[in-house]
Amino acid sequence: MIWETIRLAIQAIFRNALRSILTVLGIVIGVAAVIAMVTVGQGSSDQVTADVAKLGTNVLMVMPGAGQMGPGNNSVSAALDIKDVEALIDQLSSVRTAAPYNQTSLNAVYGTEDTRTSVAGTDTRYLDVVDWPIVLGRGFLPTEESSGKAVCIIGETVRQELFGNTDPLGEKIRLKNVSCEVIGLLEAKGASSFGSDQDDIVLMPITAFQRRVTGSSDITMIYAAAATNVSTDRTLVDIEALMRERRRISDGEEDDFNVRDMKQMASMLTGITDVLTGLLSAVAAVSLLVGGIGIMNIMLVSVTERTREIGIRLAVGATANQVLLQFLVEAIVLSMIGGLVGILSGLGLAAVASNLMAIPFSPDAAIVAIAFLFSAAVGVIFGYFPARRAARLDPIEALRHQ
Amino acid sequence: MADTMEADAPVIELRNISKTYGHGEAEVHAMDGVSLSIAKGEFVAIMGPSGSGKSTAMNMIGCLDRPTSGDYLFNGVHVGDLTKDQRAILRRNYLGFVFQGFNLLARTSALDNVELPLIYKGVPAAERRAQALDALAKVGLKGREHHDPSELSGGQQQRAAIARALVGSPQVLLADEPTGNLDTKLSVEIMELLKLLNERDHITIVMVTHEEDMATYAHRVVWMVDGRVERDGPPAEVFNHERHSA
Ligand SMILES: Nc1ncnc2c1ncn2[C@@H]1O[C@H](COP(=O)(O)OP(=O)(O)O)[C@@H](O)[C@H]1O
Ligand SMILES: [Mg+2]
């Protein structure tokens, strides 16, 4: 009997295909939105995790400023100094190596080509900290670093933008009013968790950067790598203690600097993604509810429209429960079809979006199952009231209905 | 029910049945003390002016409705005591309906329409199909099983409706103005079919009609006026009387 009822329901659904499509549209959109949102959210979380793994979980950042968030909050606290970098390396056994890192955004010009890019002043040790190989040319020479010579190492994107596929080595690019010789090319890294392009970068010696770009001897950030076999947490504590000492912060006073490891950065980032995903999913859940009300509405209209049909069924001997079951199953089958279509289009949407955002496509079986069950539940809940109304019709009244 | 029935006990027995619609000023006595007994194998035509309570009587006999007062015994069972669902089960097992408006499910093949009562009876699919095909053949719709109602003529639609009424081998076939929407030639065909079913298959038939020509196919005419049975007898007798009194 139940298979018969399901068959009848499918028959009724296809007998009125257009109305069925309109009925489930809300469910389809709701489910598709939830699935797409969660899948893309999961993908970007995975991306952050992968990025952090790539960057090395043993990397730490030191920034001036007492705020919870990273750089930018350094207006009141003293800047860092190149001596801080040397102190970290010399005095802490838990720090393998460290490097200064000042960064700004500038136009890079070569001939008629022109691109806005991220320019960072640092030294060769930075490439060691973040484990970033040079694939063409060489790194900064000690003499170049000490003399502040205008030489630079460029990322893959900058090369593409300015040089196309020609050899950039030995060419001169202009950054602001500094003419800078290209001496190396970094290995391509791809997009970061923010979707920002890590290869869109120009590195120059920190001395040259300070003298010619910012005109200040301040250092705004230090990258440090923990020594092998030493935990980042341990290193973090060491760095904090040393920095407090160097900055003469007395006991009981708060830090006027920040030390963060990449794990913290990662959880901060995934935290933001999670909150966003949660918010958007809540919006999508509301649209599912609206979709359910849509189903109920159209089922009610359908019951009215099909009053005569119900009358015929009752006249030939259908019991109230058989009619109830028929309409209920119709609503459930309908919303499950809607759920299925929604899941497929949501996954399709997520696949396209993931591809565009260059993040992994991470479908989650649990979420798919939940969405499917949820849409079935919507059918039960919102289909029951119209079905009961159909079942309670009086056969004579129903037959008389035009 | 049928097993315990005595040989000459009536299939249908209305005892002083009244059916009232509305209250106070708007009160309508659609049936007003109707007593009527129909035996197995009879072919009865209910006639009378419009609004005289014929359809109400048919709905009562068909167990679609319950009386306001009086008793209705179907095969000796008090229908007034049955629940809505029990009446549905009684309908599916013992009664077949044919309506004036054909009342086939739209966009549903003749075969599926005819299978409908068997689905609710829980007959397995293969057997259901066989019985439905058989019923369609009986009413002369062989070869049209897969046509939708919209692809059938009026006469063919009514044949399909009769097949649907027949398919569960009911004891009683109820037809409310079965030829009301058909021209004379098709009406005669339908009446011949009902007559055949009555004579060959011994199905009890109760039919409402406006037309004397159609009523002459019946053995007995029940003439209703204002919710009451005014005459009851063989067609010739009742018509003769009506002509004289008119
Ligand atoms: N559901 C109803 N509500 C109110 N009045 C009704 C209803 N059904 C029938 N009637 C009234 O009962 C009377 C008999 O109706 P009906 O049995 O349909 O007559 P017939 O079939 O002989 O034309 C009519 O006056 C009709 O208006
Ligand atoms: Mg009538």
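Chain letters run A, B, ... following the sequence lines, proteins first, then strands; residues in each count from 1. Computed from heavy atoms alone, side chains included, the values below leave out hydrogens, waters and symmetry copies. Please read all numbers here as calculations on a predicted model, not as lab measurements.
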> Can you tell me which portion of Ala391(A) sits under 4.5 Å from chain B's heavy atoms? Options are side chain, backbone, both or neither.
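Only the backbone of Ala391(A) comes within 4.5 Å of chain B.
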> Is Ala106(B) in contact with chain A via its backbone, its side chain, both, or neither, using a 4.5 Å heavy-atom distance?
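For Ala106(B), the backbone is the part near chain A, not the side chain.
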> Could you tell me if the ring centre of Phe99(B) sits under 6.0 Å from that of Phe97(B)?
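So the answer is yes for these two rings.
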> With a 4.5 angstrom heavy-atom cut-off, which part of Arg313(A) approaches chain B: side chain, backbone, both or neither?
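Both parts, backbone and side chain.
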> Going through the checks in order, is the side-chain contact (heavy atoms from CB on, under 4.5 Å) test met by Met31(B) and Leu14(B)?
CA-CA 11 Å; Met31(B) 288 173 81; Leu14(B) 307 182; 4.2 Å; yes
> Does a donor on one side chain sit under 3.5 Å from an acceptor on the other, for Asp46(A) and Ser362(A)?
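Yes, because at least one side-chain N or O of Asp46(A) sits under 3.5 Å from a partner of the opposite role on Ser362(A).
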> Say whether, by atom type as modelled, one donor and one acceptor occur between the side chain of Asp112(B) and the main chain of Thr108(B) under 3.5 angstrom.
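No: the side chain of Asp112(B) does not pair with the backbone of Thr108(B).
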> Non-hydrogen atoms of chain B under 4.5 Å away: do they reach the side chain of Gln326(A), the backbone, both or neither?
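The side chain, not the backbone.
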> Regarding Glu13(B) and Arg15(B), does a basic nitrogen lie under 4.0 Å from an acidic carboxylate oxygen?
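The answer is yes: the pair qualifies as a salt bridge.
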> State whether a side-chain donor-acceptor pair under 3.5 Å links Gln171(B) with Asn75(B).
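Side chains of Gln171(B) and Asn75(B): pair found under 3.5 Å.
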> Who wins among Gly311(A), Ala320(A), Ala318(A) for the most heavy-atom pairs under 4.5 Å with chain B?
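Among Gly311(A), Ala320(A), Ala318(A), the one with the most close pairs to chain B is Ala318(A).
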> Output the option from Gln11(A), Arg15(A), Glu309(A) having the highest count of non-hydrogen pairs under 4.5 Å with chain B.
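If we count pairs closer than 4.5 Å to chain B, Arg15(A) comes out on top.
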> Taking side chain as everything from C-beta outward and backbone as N, CA, C, O, which of these in Asp65(B) sits under 4.5 Å from a heavy atom of chain A? Side chain, backbone, both or neither.
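Both parts, backbone and side chain.
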